[in-house]
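In what follows, a structure is listed as structure tokens, so that the remarks can point back to it.
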Amino acid sequence: MLTLVVESGGRRQNFVFHDDVVTIGRHEDNDLRIGSRFVSQHHCRLQKLSKGWKIVDLASQNGTRVNGEEVTQKILRRGDRIEIGPLPIYLEEAPDEVTESLSPDEDELTPAADEDIQISARQDSGPRGVLQEELDALCLDYRKTFGDERGLVELERSIETATGKIFPRPAFSTPTDSQRLFEITKAINSELNLKRCLSLIIDSVIALTDAERGFLILIDEKGRMKVKVARHFDNADVHKAGYKFSRSIAEEVGRTGKALISSSAQDDDRFDSFKSVESLKLRSVLCVPFRLKERVIGVLYLDHRFRAGAFTSRELQLVEAFSDPAAIAIENARLYEENRRAQNELLKRTREVAELNSLLRNRLREREIELAQFRTHAPKKTSFEFDYSFIVGESPAMLEIFQLLDRAIPSDVPILISGESGTGKELIARAIHVNSPRSNAPFLKENCAAIPENLFESELFGYNKGAFTGADRDKPGLFELASGGTLFLDEIGEVSPAIQKKLLRVLQEGEIRRVGGHEVKKVDVRLVTASNKDLAELVKSGAFRQDLYYRINVIRVEMPPLRNRIEDIPLLVDHFLGKIAKKSGTPKRSVDDLALHSLMGYSWPGNVRELENEIQRACAMGGEVITIDDFSKAIAETKFGGQETSPRPSEDWKEIVKLTAHQKEREIILRALEEADWKKSAAAKALRISRPTLDGKIKAFGLLPYLLRGKEEVRRRKKS
């Protein structure tokens with residue numbers, strides 16, 4: 001059994017069906033009939049499954065939505081909201097937030113909609129089925145008493161009188177033609193999607209004239225007629241529509257701009273030379289031009305192959321009155337779509353030009369260093385005492401980190417690693433361990449934010465059997481397991497005050513005691529902590545112990561955000577591409593220059609982790625060469641330097657020449673310094689410029705960090 005709750009006209013009605021398949025649509029043969037122009041003749045069906053129901057859209061004109069999402073088919077759950085045309089329908093039950101029930105099957109909701117929607121069930125359903133049976137019996141009584149014709153007239157009079165007293169309007173009163181035209185015109189003029197607008201026009205005209213078929217034909221710039229939409233009376237598309245209408249009649253109306261109507265086309269002398277009329281066996285034909293000012297932009301062609309006299313002067317007047325606003329609606333929708341396409345194209349071209357110019361501007365925040373120069377001339381990580389090869393990065397910011405680690409690793413003091421999420425704090429902790437004398441002992445890590453507070457103590461210090469429910473054995477904690485090695489606690493700022501106190505005791509005494517135990521155990525652990533929060537601020541607010549802060553903050557390593565080490569982005573991209581290629585067993589992909597510079601211009605709030613996710617996404621979406629279109633919208637629309645850039649023709653080429661010369665000059669200076677073993681006097685002599693001039697250019701091109709690193713590398717090389 002299936003119950004559907006339908007909202008219409010400010011009320012809710014329950015319809016109950018007992019079959020395994022329930023159809024919904026505008027046609028009379030549906031199980032649930034919805035008399036709305038926005039509902040297709042056969043709109044959708046519900047099929048019973050072993051557990052629950054499935055909805056299937058029957059290629060309806062306006063689509064079927066479930067919980068706001070357009071679907072072709074979907075498994076339904078109790079309470080799901082199905083939207084068919086203007087009506088919401090709920091499966092089995094409607095939401096609770098309604099007013100008091102008016103009757104067992106109806107709830108008062110919102111005011112009635114503008115459209116008069118008729119809803120009926122083909123099968124008996126609740127009180128409605130009882131009323132249907134009573135109405136059937138009443139009709140039989142009228143027929144027996146008065147006969148067929150008079151009985152129908154008398155029944156209509158009685159119903160009209162009764163409904164006029166009880167309902168807002170009497171029965172059998174239909175909207176006037178002018179009202180229908182107004183509603184249709186209003187609907188098509190509010191639709192700016194050209195395809196939907198054309199479909200709405202043809203479906204509305206077929207319903208207005210009771211035509212069998214309708215063809216909406218537009219004339220292109222070369223004067224050729226093309227069928228844009230062709231429908232049967234049941235909203236089904238006409239297959240191979242280009243061969244199903246009289247092209248001669250359509251061309252005649254398009255050429256003359258005059259409407260044409262025939263009640264029996266095969267007997268009409270005007271069509272004697274039109275072979276298509278005979279071959280198509282046409283009877284009734286109505287063809288009206290679409291005029292836009294004095295220009296004919298297309299025709300509306302209606303026919304009926306089985307009924308002569310289907311179209312009269314009434315239908316002709318209706319369609320002629322409708323054709324002008326329809327032509328305006330078509331033109332508005334066409335212009336809107338053309339304008340939108342033009343804007344998108346202009347935006348794309350403007351973005352490409354702006355980004356191309358941005359590649360040639362001396363920017364990328366303070367440093368603005370080209371990829372090729374960095375890869376060729378940047379100091380190498382091999383000049384440091386310890387191995388950092390598994391950490392990708394050769395920017396000045398990262399080289400400073402490695403230099404600090406060189407001094408901090410040999411000691412056993414606690415280290416605090418601070419920095420935003422995704423900057424690689426765990427990698428730094430691992431580098432500290434693998435390069436330290438403790439490298440052969442365990443390296444354990446734990447995210448403090450991921451462990452519930454009530455389990456955190458036992459996780460850190462362990463527990464004895466029977467300490468609490470479920471403690472069926474002794475279990476050592478992280479401090480015991482990491483003894484002799486390194487323990488890395490990430491997100492240390494999330495630890496509760498009670499645990500902070502116990503951590504402080506471990507750092508002071510080097511002792512722990514298991515939960516539920518009395519024995520004190522000595523542990524030898526190097527503690528490395530990390531936090532993306534400002535612990536100093538937490539100390540000020542009282543959320544973090546000051547004494548613990550000083551204990552863990554003996555040496556502090558501040559990880560730079562990715563936006564402050566943009567020189568490393570090409571290296572990271574290359575690393576991630578190699579990693580993906582190795583994992584998938586496919587050739588390593590590449591990134592074009594424009595896409596790479598987009599990555600270098602983005603702010604990266606998620607840092608290295610976000611960059612890796614973006615490269616994975618681009619590899620999944622792109623081809624062998626990743627382009628800017630393979631990135632997410634935020635990155636693809638990046639404006640370098642954080643400013644909108646608009647190309648100005650008066651300065652473009654001069655600026656390009658100027659900046660290209662500057663880039664070449666910087667490359668030459670960097671190469672000269674390297675060849676001169678980073679001696680400025682020798683480099684200035686080789687370049688044939690003065691020493692002060694060279695100093696100014698080193699400062700202007702941001703080369704000072706590389707000069708200092710180069711000199712240090714030379715000194716180390718000489719010592720060795």
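Note that the structure is predicted; figures quoted are calculated from it, not measured.
In terms of modelled atom types and a separation under 3.5 Å, the side chain of Arg65 and the main chain of Arg81 share no donor-acceptor contact. Side-chain N or O atoms of Glu558 include none that pairs as donor or acceptor with a backbone N or O of Ser418 at under 3.5 Å.
Counting heavy atoms of neighbouring residues, nucleotides and ligands inside a 6.0 Å radius, atom NZ of Lys588 exceeds 12 of them. Within a 6.0 Å sphere centred on NZ of Lys522, heavy atoms belonging to other residues, nucleotides or ligands number more than 12. Counting heavy atoms of neighbouring residues, nucleotides and ligands inside a 6.0 Å radius, atom OH of Tyr550 does not exceed 12 of them. No more than 12 heavy atoms of other residues, nucleotides or ligands sit less than 6.0 Å from atom CZ of Arg77. More than 12 heavy atoms of other residues, nucleotides or ligands shown are found within 6.0 angstrom of CD on Glu345.
Note that NE2 of His433 and CZ of Phe443 are 7.0 Å apart. Values are rounded to the nearest 0.5 Å. One distance of note links CG of Leu460 with CG of Leu455; it measures 11.0 Å at 0.5 Å rounding. Between the CD1 atom in Ile635 and the CG atom in Leu611 there is a gap of 7.5 Å [rounded to 0.5 Å]. Considering NE2 of His597 and CD1 of Ile569, their distance stands at 10.5 Å, rounded to 0.5 Å. From Leu707, atom CG reaches atom CD1 of Ile669 across 11.5 Å, with rounding to the nearest 0.5 Å. Atom CG of Asn435 and atom CD1 of Ile432 lie 9.5 Å apart (nearest 0.5 Å).
Remark: the Ser632 side chain and the Glu614 side chain contain an N/O donor-acceptor pair separated by less than 3.5 Å. When only modelled atom types and interatomic distance are considered, Asn607 and Thr423 share no side-chain donor-acceptor pair under 3.5 Å. Counted by atom type alone, Arg526 and Ser436 present zero donor-acceptor pairs between their side chains at under 3.5 Å.
Using a cut-off of 4.0 Å between Lys/Arg side-chain N and Asp/Glu carboxylate O, Asp490 and Lys425 are scored as not salt-bridged. At a threshold of 4.0 Å, the pair Lys533-Glu491 does not count as salt-bridged, since none of the basic side-chain nitrogens sits closer than that to a carboxylate oxygen. Electrostatic pairing of Arg551 and Asp547 does not count as a salt bridge here, judged by no charged N lying under 4.0 Å from a carboxylate O. The pair Asp630-Arg617 fails the salt-bridge criterion, with no side-chain N (NZ, NE, NH1 or NH2) lying under 4.0 Å from an Asp/Glu carboxylate O.
Relative ring orientation between Phe384 and Phe402 is described as perpendicular, the plane-to-plane angle rising above 60° on a 0-90° scale split at 30° and 60°. Ring pair Tyr549/Phe544 is perpendicular by interplanar angle, where above 60° counts as perpendicular and below 30° as parallel.
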> Which is it for Arg717 and Asp677 under the salt bridge (Lys or Arg N to Asp or Glu O under 4.0 Å) test, yes or no, and what are the steps along the way?
Replying inline: CA-CA 11 Å; Arg717 189 167 63 242; Asp677 276 347; 3.5 Å; yes

>> Ile428 vs Leu405, test: side chain to side chain contact (heavy atoms under 4.5 Å, CB included). Steps then yes/no.
In response: CA-CA 9 Å; Ile428 298 298; Leu405 293 180; 4.1 Å; yes

>> Before you tell me yes or no, could you show the steps for Asp524 and Arg438 under salt bridge (Lys or Arg N to Asp or Glu O under 4.0 Å), namely the whole-Å CA-CA distance, both residues' side-chain angles and the distance that decides it to 0.1 Å?
In response: CA-CA 10 Å; Asp524 176 22; Arg438 298 172 176 265; 2.8 Å; yes

>> One pair to check against side chain to side chain contact (heavy atoms under 4.5 Å, CB included): Ile415 and Val554. What are the steps and the verdict?
In response: CA-CA 6 Å; Ile415 296 179; Val554 178; over 6 Å; no

>> Walk me through whether Lys74 and Asp80 qualify under salt bridge (Lys or Arg N to Asp or Glu O under 4.0 Å).
In response: CA-CA 11 Å; Lys74 184 177 178 63; Asp80 275 352; over 6 Å; no

> Going through the distances and angles, do Glu511 and Arg513 end up as a salt bridge (Lys or Arg N to Asp or Glu O under 4.0 Å)?
Replying inline: CA-CA 7 Å; Glu511 298 175 346; Arg513 188 170 59 193; over 6 Å; no

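Counting all heavy atoms, side chain and backbone alike, Arg514 lies closest to Lys521 at NE-CE, 3.8 Å. What you find for Ala431 and Tyr388 is that their closest heavy atoms are CB-CD2, 4.2 Å. When all heavy atoms of Ala683 and Leu673 are compared, the pair lying nearest together is CB-CD2, 3.7 Å.
Remark: of the listed residues Arg563, Arg565, Arg609, Arg563 is the sole one forming a salt bridge (charged side-chain N to carboxylate O under 4.0 Å, His left out) with Glu420.
Side-chain atoms of Val506 and Phe461, non-hydrogen and from C-beta on, do get closer than 4.5 Å to each other.
Among residue pairs with one or both ends in residues 448-457, those qualifying as side chain to side chain donor-acceptor pair (under 3.5 Å) are Glu453-Ser496, Glu457-Lys502; sequence neighbours excluded.
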